[in-house]
Amino acid sequence: MVKLDPWGSAQIEDYARLRDEFGIEPVDESTWSRIPDAHPLFRRGVVFGARGLGPVARALERHEPFGVMTGLMPSGKMHLGHKTVIDQVVWYQDHGADAHIAIADFEAYATRNFTIEEARRLGLEEYVLTYLALGLDPKKSEVYYQTKRSRVKDLAYALGLNVNLSQMKAIYGFEDQVKMAHMNAPLMQAGDILHIQNPDLGGPRPTVVPVGVDQDPHIRLTRDLAQASRVFNVTETQDQKIGVFVKPEKPRQPVTRLLDEAERVLRRELGFSDLARKDNYRAIYIRSATTADIPRIDLAFAQLESKSLGEPGYFPPASTYHRFMTGLTGGKMSSSKPETAIFITDDPKEVERKIKRAKTGGKATEEEQRRTGADPTVCSVYETYLYHLADDKLLPIVYEECTTGKRLCGGCKLQALDLLQAKLKEIREKREASRHLVKEIVRND
Ligand code: TRP
Ligand code: SF4
């Protein structure tokens with residue numbers, strides 16, 4: 001078997017450094033081998049990092065409820081890079097998740113100078129139809145507009161109580177000239193992510209937000225805001241015990257009553273018997289628990305807070321981060337630069353032109369390439385195979401033939417083009433066949 005390391009060298013180092021600098025957890029074999037039938041984007045290292053994914057993996061393994069939430073800013077045409085997110089959402093949906101997608105029309109308005117109407121129109125025509133074509137199922141999934149869902153707006157407003165200006169500056173580097181609407185966009189996004197844990201949408205449960213790594217600041221903010229919503233803090237103490245604490249600033253009810261409830265959950269629901277309750281510390285210590293138990297204890301408490309205490313009880317959402325596809329011309333892939341991306345609705349001639357011009361990892365001459373092989377890790381065509389076109393049989397063949405010089409770029413592009421045209425044709429046909437489902441999947445609240 002070929003050892004597949006399609007993103008060797010510089011690229012991987014960059015993402016790895018980014019991951020370490022920001023304290024993002026790696027997603028590697030030890031993660032995805034826990035996930036039954038993991039999506040190729042996981043297995044191929046396209047999804048390279050995550051935060052708090054453990055509880056989601058656990059829910060997947062045990063067929064317990066979990067949710068997936070993401071959003072897309074409708075800032076232009078939908079391209080292959082955007083497809084990566086929806087492929088993941090569809091996979092989660094097909095593996096038991098309820099899926100929620102925000103059309104970030106408010107964000108486009110607040111940060112990109114779009115009118116709400118234009119953002120909504122693009123959202124529907126460019127994005128939602130393609131989501132349906134890619135397999136989003138109205139029975140398990142919903143799409144909504146940020147500007148229409150008042151619960152999200154209310155929540156965004158309320159979440160503002162738990163973050164101040166200096167924190168926002170530290171996270172986003174906002175300058176004094178920043179517009180208030182822009183500054184509100186991260187709170188709106190936190191509202192998007194957390195509101196799916198409201199009781200009518202399934203209550204506190206593991207949720208996952210698949211996004212590009214540029215979204216990590218929003219995720220950190222949102223995880224902090226979830227934590228801030230909580231009454232109980234489940235944590236490892238200095239002397240390495242696991243403790244459940246009532247947060248000092250929180251109780252709207254007598255601490256004794258809260259600890260009674262906590263004790264009941266620990267004994268009856270979680271089956272711990274060796275508890276040491278210390279009312280004056282507002283704490284219960286669990287002698288036999290270990291750090292590995294923290295997420296499941298924390299989840300039980302989030303649910304207690306929501307069900308019995310009338311609190312939000314948000315369980316910290318997980319995130320995953322995928323690599324960005326590089327542009328066909330070598331730089332960034334961008335909706336505003338048509339030459340850099342294949343748009344889902346490009347006509348076949350355009351697709352052909354773009355692939356033929358695409359930057360590869362090929363050598364200057366055929367002779368040299370035959371002799372030394374080419375470099376798929378810097379090739380935008382190989383990336384297209386990796387993200388969208390090649391199954392598990394084809395991908396290692398392309399890689400091997402490319403690196404050993406058996407494969408030349410001209411023929412390789414023709415094969416990619418064939419696969420891509422077929423895929424895009426299928427998507428375009430499904431888009432048209434899905435028009436009647438738009439009403440079902442797009443909610444008006
Ligand atoms: N900010 C995201 C983007 O630029 C869009 C977005 C809005 C989002 N709400 C979200 C992403 C909630 C994930 C979860 O594309
Ligand atoms: Fe890219 Fe194919 Fe050329 Fe290899 S042979 S560099 S994968 S186009």
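Read the numbers this way: they start at 1 and go in the same order the structure lists the ligands and their atoms.
Closest protein heavy atom to atom 9 (N) of ligand 1: D192 OD2, 2.7 Å. At the top of the distance list for atom 13 (C) of ligand 1, counting protein heavy atoms only, stands G71 N, 3.3 Å.
Across Q369 and K363, no two heavy atoms sit closer than the pair OE1-N, 2.9 Å.
Looking at R428, its side chain does come within 3.5 Å of a backbone N or O of D346 through a donor-acceptor pair. Between the side chain of Q303 and the backbone N or O of P204, at least one donor-acceptor pair lies under 3.5 Å.
Salt bridge E117/R121: absent, no basic N to carboxylate O contact under 4.0 Å. Looking at R296 and E269, no side-chain N of the basic residue comes within less than 4.0 Å of a carboxylate O on the acidic one, giving no salt bridge. Of the charged side-chain nitrogens involved, none lies within less than 4.0 Å of a carboxylate oxygen, so that E311 and R230 do not count as a salt-bridged pair. Between R19 and D216, no side-chain nitrogen of the basic residue sits less than 4.0 Å from a carboxylate oxygen of the acidic one, so the salt-bridge criterion is not met. With respect to the salt-bridge test (charged N to carboxylate O, under 4.0 angstrom), the residues E125 and R435 qualify.
Within ligand 1, counting atoms from 1 as listed, the ones closer than 4.0 Å to a heavy atom of V209 are 13 (C), 14 (C). Numbered from 1 in the order shown, with element, the atoms of ligand 1 that lie under 4.0 Å from a heavy atom of I193 read 12 (C), 14 (C). Short contacts between ligand 1 and A104, defined as distances under 4.0 Å to a heavy atom of the residue, involve ligand atoms 7 (C). Atoms of ligand 1 found under 4.0 Å from any heavy atom of V211 (numbered from 1 in listed order, with element): 11 (C), 13 (C). Counting atoms of ligand 1 from 1 in the listed order, those under 4.0 Å from a heavy atom of M69 are 12 (C), 14 (C).
The cationic atom of R120 (NZ for Lys, CZ for Arg) lies less than 6.0 Å from the six-membered ring centre of Y145 and within 45° of the ring axis.
Under 4.0 Å from ligand 1, heavy atoms of T70 appear from its side chain as well as its backbone.
In terms of N/O distances under 3.5 Å, ligand 1 is approached by E107. Remark: ligand 1 and Q189 share an N or O pair separated by less than 3.5 Å (distance only, no angle test).
Remark: aromatic rings of Y172 and H218 are close, center separation under 6.0 Å.
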Start with the C-alpha gap between T130 and H82, add the side-chain angles, then the distance that decides, and say whether side-chain contact (heavy atoms from CB on, under 4.5 Å) holds.
CA-CA 10 Å; T130 304; H82 299 124; over 6 Å; no
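Closest heavy-atom approach to atom 2 (C) of ligand 1 among the candidates Q146, Q215, M73: Q215.
Listed by chain and number, the protein atoms of type N/O/S under 2.8 Å from atom 1 (Fe) of ligand 2 are C379 SG; waters are omitted.
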